[in-house]
2 protein chains.
Amino acid sequence: MRDPEATLRQHDLPVTAQRLAVLRAVSRHPHATADDLAESVRADIGTISRQSVYNVLNVLTDKGIIRRIQPADSPARFEDRIGDNHHHLVCRSCGRTEDVCCAVGEAPCLKAHSHHGFKIDEAEVIYWGTCPACQKKR
Amino acid sequence: MRDPEATLRQHDLPVTAQRLAVLRAVSRHPHATADDLAESVRADIGTISRQSVYNVLNVLTDKGIIRRIQPADSPARFEDRIGDNHHHLVCRSCGRTEDVCCAVGEAPCLKAHSHHGFKIDEAEVIYWGTCPACQKKR
DNA sequence: CATAGTTTTTGACAAAGTCCAAAACTCGGT
DNA sequence: ACCGAGTTTTGGACTTTGTCAAAAACTATG
């Protein structure tokens with residue numbers, strides 16, 4: 001995130017300390033959960049309510065400034081990196097999440113073609129596996 | 001599901017009325033939630049505890065007899081149809097879920113190749129969109 | 001049919017998030 | 001620099017989905 005304050009203004013969002021701090025936290029900790037981010041924000045500006053973290057994350061997600069990812073058996077995670085159509089690789093045992101470019105060049109599996117009359121707007125891919133650390137543990 | 005009772009015996013699971021009823025319910029209502037299934041089971045055998053529904057669904061999932069799918073913003077859903085590597089199409093507004101065969105023949109995007117040292121065991125694809133009914137509503 | 005070992009039930013609990021009303025803040029206009 | 005309208009933030013209660021634990025009921029083997 002180049003300039004959090006400018007980003008907020010561009011989207012007609014009043015600039016508040018909480019929003020700036022959450023934006024910085026998401027930027028510094030990609031794939032963090034709301035709780036992780038709350039902690040990070042508190043280390044930064046001292047205090048923030050749980051509800052505000054959710055409020056801010058929801059507004060930023062609605063405006064398309066950040067992206068929410070919600071793998072099974074994990075609280076929602078958030079990221080900065082948007083608009084480049086990447087996917088995610090999630091560790092089944094610890095939840096560690098990494099970005100992966102689409103496996104096959106220009107995303108053939110993302111070609112949304114109609115089925116059952118649905119209007120498809122996105123194809124989400126999650127690769128499930130075990131991260132190096134968890135492979136060692138067992 | 002051909003023969004629920006035989007299926008249970010094949011997996012060394014004691015046969016109980018609850019398990020049979022849950023199996024039948026999953027079979028009759030693909031992509032139903034635990035709550036939906038509980039209701040369906042009650043219509044069938046009269047009564048079942050909430051916990052038992054979860055117990056049974058967990059055992060059946062662990063044994064690979066049924067599959068659990070967990071789209072974002074939805075409780076878990078269950079299905080009968082396993083082992084044919086199909087994916088899902090989910091309506092963002094009502095949660096309606098349909099099966100779709102892999103978009104590109106033999107699932108190129110499902111080729112699990114290593115990244116970040118992870119050992120990948122599955123690639124999950126969810127197509128997001130709006131179902132015909134919800135397209136009309138808005 | 002007895003009994004060892006599972007299942008089922010009941011009720012409390014946990015995690016992640018939302019709802020609501022009151023207090024605090026942002027920012028445009030003066 | 002200050003006011004005031006409108007938005008955010010806060011704190012607390014609440015909801016949903018699911019798990020834990022112990023007692024009662026059941027399955028299936030001998």
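By convention in this document, chain letters (A, B, ...) are assigned in the order of the sequence lines, proteins followed by strands, and residues within each chain are numbered from 1.
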Quiz item: Please walk me through it: do A/E79 and A/H86 pass side chain to side chain donor-acceptor pair (under 3.5 Å)?
Solution: CA-CA 11 Å; A/E79 68 184 357; A/H86 67 277; 3.1 Å; yes
Exercise. Output, in order, the C-alpha distance, side-chain angles, deciding distance and verdict of salt bridge (charged side-chain N to carboxylate O under 4.0 Å, His left out) for B/R9 and B/D12.
Key: CA-CA 5 Å; B/R9 292 196 197 286; B/D12 291 314; over 6 Å; no
Exercise. Using a 4.0 Å heavy-atom cut-off across all strands, classify A/T16 as base, sugar-phosphate, or nothing.
Key: sugar-phosphate
Quiz item: Please give, in whole Å, the distance from D/dT8 C1' to A/D12 CG?
Solution: 16 Å
Quiz item: Which is true for A/N55 with a 4.0 Å heavy-atom rule: it touches a base, it touches only sugar-phosphate, or it touches nothing?
Solution: base
Quiz prompt | Spacing between A/Q70 atom CD and D/dT16 atom P, to the nearest angstrom | solution = 18 Å
Quiz item: Contact class for B/V56 (heavy atom, under 4.0 Å): base, sugar-phosphate, or nothing?
Solution: sugar-phosphate
Quiz prompt | Reference residue B/L20; test side chain to side chain contact (heavy atoms under 4.5 Å, CB included); the match among B/V15, B/V41, B/D44, B/T7 | solution = B/V15
Practice problem: Rounded to the nearest 0.5 Å, what's the gap from CG on A/L37 to CZ on A/R77? Could you check? | Solution: 10.0 Å
Quiz item: Would you say the side chain of A/R50 and the base of D/dG11 hold a donor-acceptor pair, judged only by whether the two atoms sit under 3.5 Å apart?
Solution: no
Quiz item: Taking only N and O in the side chain of A/S52, is any of them less than 4.0 Å away from OP1 or OP2 of D/dT9?
Solution: no
Self-check item: B/L13 CG to C/dT8 P, straight-line distance once rounded to whole Å
Solution: 10 Å
Practice problem: Begin with the C-alpha distance, continue with both residues' side-chain angles, and end with the deciding distance and a verdict on salt bridge (charged side-chain N to carboxylate O under 4.0 Å, His left out) for B/R67 and B/D80. | Solution: CA-CA 7 Å; B/R67 180 142 89 100; B/D80 216 10; over 6 Å; no
Quiz item: Nearest 0.5 Å, what's the CD-OG distance between A/Q18 and A/S49?
Solution: 7.5 Å
Practice problem: Give the rounded distance in Å between these two atoms: CD of B/E39 and P of D/dT17. | Solution: 13 Å
Exercise. Compute whether any side-chain donor of one residue and acceptor of the other, for B/H31 and B/D36, lie under 3.5 angstrom apart.
Key: no
Practice problem: Looking only at side-chain atoms of B/P14, point me to the closest of C/dT7, C/dT26, C/dG17. | Solution: C/dT7
Exercise. Give the rounded distance in Å between these two atoms: CD of A/Q51 and C1' of C/dA15.
Key: 15 Å
Quiz item: Rounded to whole angstroms, how far apart are CZ on B/R19 and C1' on D/dT27?
Solution: 10 Å
Quiz item: Reckon A/Q18 touches a base, only the sugar-phosphate, or nothing at all at heavy-atom distances under 4.0 Å?
Solution: sugar-phosphate
Quiz item: Is it true that atom CD of B/E39 has more than 12 heavy atoms of other residues, nucleotides or ligands lying nearer than 6.0 Å?
Solution: no
Quiz item: How close or far is atom P of D/dG18 from atom CZ of B/R77, stated in whole angstroms?
Solution: 10 Å
Exercise. Hey, which sits more toward the 5' end of DNA chain D by its nearest nucleotide, B/V15 or B/R68?
Key: B/R68
Quiz item: Per the end-axis method with five pairs at each terminus, what is the bend angle of the helix from C/dC1-D/dG30 to C/dT30-D/dA1, to 10°?
Solution: 30°
Quiz item: Contact class for B/N58 vs. all strands (heavy atom < 4.0 Å): base, sugar-phosphate, or nothing?
Solution: sugar-phosphate
Quiz item: Does B/R9 make a side-chain N or O approach to OP1 or OP2 of D/dA28 shorter than 4.0 Å?
Solution: yes
Quiz item: When the distance from CG of B/D35 to P of D/dT17 is rounded to whole Å, what number comes out?
Solution: 7 Å
